[in-house]
Amino acid sequence: LIDRLQKILHPDDIFVEELLAAHTTFRVGGPAEFFITPRCTNEVAQICEICRTEDIPLFILGDGSNVLVSDAGLRGVVLCTAKLDKIAVLDSGLITAQAGAKLAKVAQEAHKAGLAGFEFASGIPGTVGGAVYMNAGAYDGTVGEFCKSVTMLQNCRTIKTIPGSEMNFGYRQSIAQTNGGFILEATFQLHPGNTDEILAKMRDLNNRRRKSQPLEYPSAGSTFKRPPGYFAGKLIEDSGLKGFTIGGAQVSEKHAGFVINIGQAGRTSAHDIYNLIQEVQRQVYEKFQIQLEPEVKILGF
Ligand SMILES: Cc1cc2nc3c(=O)[nH]c(=O)nc-3n(C[C@H](O)[C@H](O)[C@H](O)COP(=O)(O)OP(=O)(O)OC[C@H]3O[C@@H](n4cnc5c(N)ncnc54)[C@H](O)[C@@H]3O)c2cc1C
């Protein structure tokens, strides 16, 4: 595999046994057998095709802000989209961005261009690819609402542009979670706005975020999805679990919906976080008969 990767990718874009703790916001996770950072769609398509034909596991990683990777790491190829990060402001309120562009950067570009609508996204960590896949959202907006189209690589061969209306966006849901497609690019439809007002709204939302969320600790944001009719954080708090700790993993005192990594210098294991998630699920179910579903993608356990 390494020979084949070297024929396709720049040498600086191939890493062997790369620790994923350095590429996830939880700051945990063992090595990726091969960690690669392709620079163009053609490279992505070739790698996908090799993995498909050779039956090699392939995992697409954006900014790693919604994943928990086991301490054993991941076999096969972890394809990180970080170098596919172009953003272009088009006419008529459209912004197009490659999968690896930071969502917050898209929000900044929208502000600079006097385009409103994307303020909600300015504090969400992660990439455009991850945000479309998850249909990320906060406060008064979701990515899906503004998504005009998504260009995906399907079956490693066909590049198809799908209208936003056909992406099956729902709460933390998109068609990408079921069709296994690789999100290459997304185009967002925004509307003209006043730059001062856009900036003021972004600042206000980010202040609210800083006040209510434990941003000073590594985490993956809200650990659990919102169960219909409830808030995960409230259920966890009402189960008496605020501050509950296993090893270096803790239910945040500031926001019980966040599991945080409180360990010093890499001493927290992914297993601590995994065990904590399971214990929270068990205790909330015991108390309220509600099954919390992780929003975070749990990998390699
Ligand atoms: C402090 C903090 C606050 C957060 N706040 C919010 C919030 O307010 N709202 C919210 O919705 N989320 C929030 N999150 C979670 C997270 O930031 C989002 O889910 C984000 O969209 C994930 O993007 P990512 O690039 O990091 O994806 P990753 O974590 O790298 O990947 C997530 C999933 O997307 C898939 N994926 C990534 N890129 C592609 C691609 N190009 N094609 C196909 N699949 C792909 C991955 O395979 C994986 O299954 C927060 C996280 C943190 C750490």
Side-chain angles (χ1 to χ4, degrees), residues 20 23-29 32 35 37-38 41 44 48 57-69 74 77-85 97-107 119-145 147 150-154 156 162 167 169-186 205-206 208-210 212-226 233 252 254-255 257-261 273 294-300:
L20 289 169
H23 302 280
T24 67
T25 56
F26 257 136
R27 296 282 172 256
V28 297
F35 181 89
T37 54
T41 301
V44 169
C48 286
L58 171 70
F59 182 76
I60 309 165
L61 187 72
D63 220 21
S65 66
N66 213 13
V67 292
L68 173 62
V69 178
L74 298 176
V77 174
V78 172
L79 189 164
C80 174
T81 59
K83 289 183 183 159
L84 304 161
D85 63 350
Q98 283 187 306
K102 296 278 173 78
L103 195 67
K105 184 86 184 4
V106 177
E119 297 88 331
F120 78 91
S122 68
I124 302 179
T127 62
V128 165
V132 169
Y133 183 91
M134 295 300 302
N135 189 17
Y139 302 106
D140 60 348
T142 61
V143 162
E145 277 167 62
C147 186
V150 179
T151 302
M152 291 177 89
L153 176 67
Q154 292 180 326
C156 308
I162 303 170
M167 283 294 293
F169 285 120
Y171 172 62
R172 302 294 173 266
Q173 279 293 335
S174 76
I175 203 170
Q177 295 183 22
T178 46
N179 76 2
F182 190 120
I183 297 157
L184 294 169
E185 191 177 284
L205 295 182
N206 286 328
R208 281 159 66 181
R209 201 177 265 278
R210 267 191 295 276
S212 62
Q213 299 182 0
L215 301 184
E216 56 282 20
Y217 289 101
S219 78
S222 298
T223 313
F224 300 97
K225 289 188 183 171
R226 203 171 50 231
S252 165
K254 196 168 175 184
H255 187 320
F258 279 54
V259 170
I260 55 174
N261 175 354
I273 297 174
E295 175 181 320
V296 174
K297 303 290 171 200
I298 296 178
L299 308 166

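Numbering of ligands and ligand atoms starts at 1, following listing order. In this text the structure is predicted, and so the values were computed from the model without any measurement.
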message: If I apply the N/O under 3.5 Å rule, does Ile60 come out as touching ligand 1?
response: yes
- line: CD (Gln213) and OG (Ser222) are apart, to the nearest 0.5 Å, by 6.5 Å
field: Which of the ligand 1 atoms, numbered from 1, are nearer than 4.0 Å to a heavy atom of Met134
entry: 19 (O)
Ile183-ligand 1 polar pair, N/O distance under 3.5 Å: yes
Sub-4.0 Å atoms of ligand 1 with respect to non-hydrogen atoms of Gly126: 23 (O), 24 (P), 25 (O), 26 (O)
message: Can you report which non-hydrogen protein atom sits closest to atom 48 (C) of ligand 1, along with the distance?
response: Phe59 CZ, 3.8 Å
message: So if I count the atoms of ligand 1 from 1 in the order they appear, which ones are less than 4.0 Å from some heavy atom of Lys297?
response: 49 (O)
message: As a quick check of understanding, evaluate side-chain contact (heavy atoms from CB on, under 4.5 Å) for Leu20 and Leu299, giving each step before the final call.
response: CA-CA 11 Å; Leu20 289 169; Leu299 308 166; over 6 Å; no
message: Show me which atoms of ligand 1 lie under 4.0 Å from any heavy atom of Gly181.
response: 43 (C)
- line: Within 4.0 Å of some non-hydrogen atom of Ala138, the atoms of ligand 1 are 8 (O)
Between OH on residue Tyr217 and NZ on residue Lys254, distance to nearest 0.5 Å: 9.5 Å
- request: Please name the pair of heavy atoms, one in Asn206 and one in Gly123, separated by the smallest distance, quoted to 0.1 Å.
  value: OD1-CA, 3.2 Å
Enumerate, atom names and distances included, each donor-acceptor pair closer than 3.5 Å involving a side-chain atom of residues 60-69, sequence neighbours excluded.
none

message: Check for me whether Arg172 has a heavy atom closer than 4.0 Å to any atom of ligand 1.
response: yes
message: Quick test: of every protein heavy atom, which one is nearest to atom 27 (O) of ligand 1, and how far off is it to 0.1 Å?
response: Gly130 CA, 3.6 Å
query: Under 4.0 Å from any heavy atom of Ala99, which atoms of ligand 1 are there?
result: 41 (N)
- request: Identify which of Gly123, Gly129, Ser65, Pro218 has a heavy atom lying nearest to atom 16 (C) of ligand 1.
  value: Ser65
- prompt: Using heavy atoms and a threshold below 4.0 Å, how should the contact between Ala176 and ligand 1 be classified: side chain, backbone, both, or neither?
  reply: neither
query: What protein heavy atom sits nearest atom 5 (N) of ligand 1, and how far away is it?
result: Arg209 NH1, 3.1 Å
- request: Taking the side chain as every heavy atom from C-beta outward, state whether Val296 and Val259 have any pair of such atoms under 4.5 Å apart.
  value: no
- prompt: Of all the heavy atoms in Gln177, does at least one lie under 4.0 Å from an atom in ligand 1?
  reply: no
field: Polar proximity ligand 1 side, Asp63 side, N/O cut 3.5 Å exclusive
entry: yes
- request: Tell me, please, which residues at least two apart from Phe120 pass ring-ring contact (aromatic ring centres under 6.0 Å, His included).
  value: Phe118, Phe146
- prompt: Side chain or backbone of Leu215 under 4.0 Å from ligand 1, or both, or neither, by non-hydrogen atoms?
  reply: side chain
Rounded distance (nearest 0.5 Å) linking atom CD of Gln173 with atom OH of Tyr133: 9.0 Å
statement: heavy-atom search around atom 25 (O) of ligand 1 in the protein gives Thr127 OG1, 2.6 Å
statement: Taking only non-hydrogen atoms of Gly221 and a 4.0 Å limit, the atoms of ligand 1 in range are 2 (C), 3 (C), 4 (C), 50 (C), 51 (C), 52 (C), 53 (C)
message: Show the nearest heavy-atom pair for residues Val132 and Phe169, with the distance to one decimal.
response: O-CE2, 3.5 Å
task: Compare Ala82, Pro125, Ala220, Ala101 and give the one whose heavy atom is closest to atom 4 (C) of ligand 1.
output: Pro125
message: Counting non-hydrogen protein atoms only, what is the nearest one to atom 7 (C) of ligand 1? Give residue, atom name and distance.
response: Gly137 O, 3.6 Å
- prompt: Going through the distances and angles, do Arg209 and Ile124 end up as a side-chain contact (heavy atoms from CB on, under 4.5 Å)?
  reply: CA-CA 10 Å; Arg209 201 177 265 278; Ile124 302 179; 3.5 Å; yes
- line: Note: Ala131, heavy atoms under 4.0 Å from ligand 1, region reported as both
- request: Run down the list Ile124, Asn66, Thr25 and name the one with the heavy atom closest to atom 29 (O) of ligand 1.
  value: Asn66
field: Nearest protein heavy atom with distance in Å, relative to atom 31 (O) of ligand 1
entry: Val67 CG1, 4.0 Å
query: Which distance, rounded to the nearest 0.5 Å, do you find between the CD1 of Ile183 and the CG of Leu153?
result: 11.5 Å
query: For the atom pair NZ (Lys105) and OG (Ser122), what is the distance rounded to the nearest 0.5 Å?
result: 14.0 Å
- prompt: Which protein non-hydrogen atom lies closest to atom 34 (O) of ligand 1, naming both residue and atom, and how far is it?
  reply: Tyr133 CD2, 3.1 Å
message: Which heavy atom of Leu58 sits nearest to which heavy atom of Cys48, and what is that distance?
response: CD2-SG, 3.8 Å
Spacing of OG1 belonging to Thr127 relative to CG belonging to Asp85, to within rounding of 0.5 Å: 10.5 Å
- prompt: Hey, are the side chains of Arg172 and Arg226 touching, using non-hydrogen atoms and a 4.5 Å cut-off?
  reply: no
query: Among protein heavy atoms, which lies nearest atom 28 (P) of ligand 1, and at what distance?
result: Gly64 N, 3.7 Å
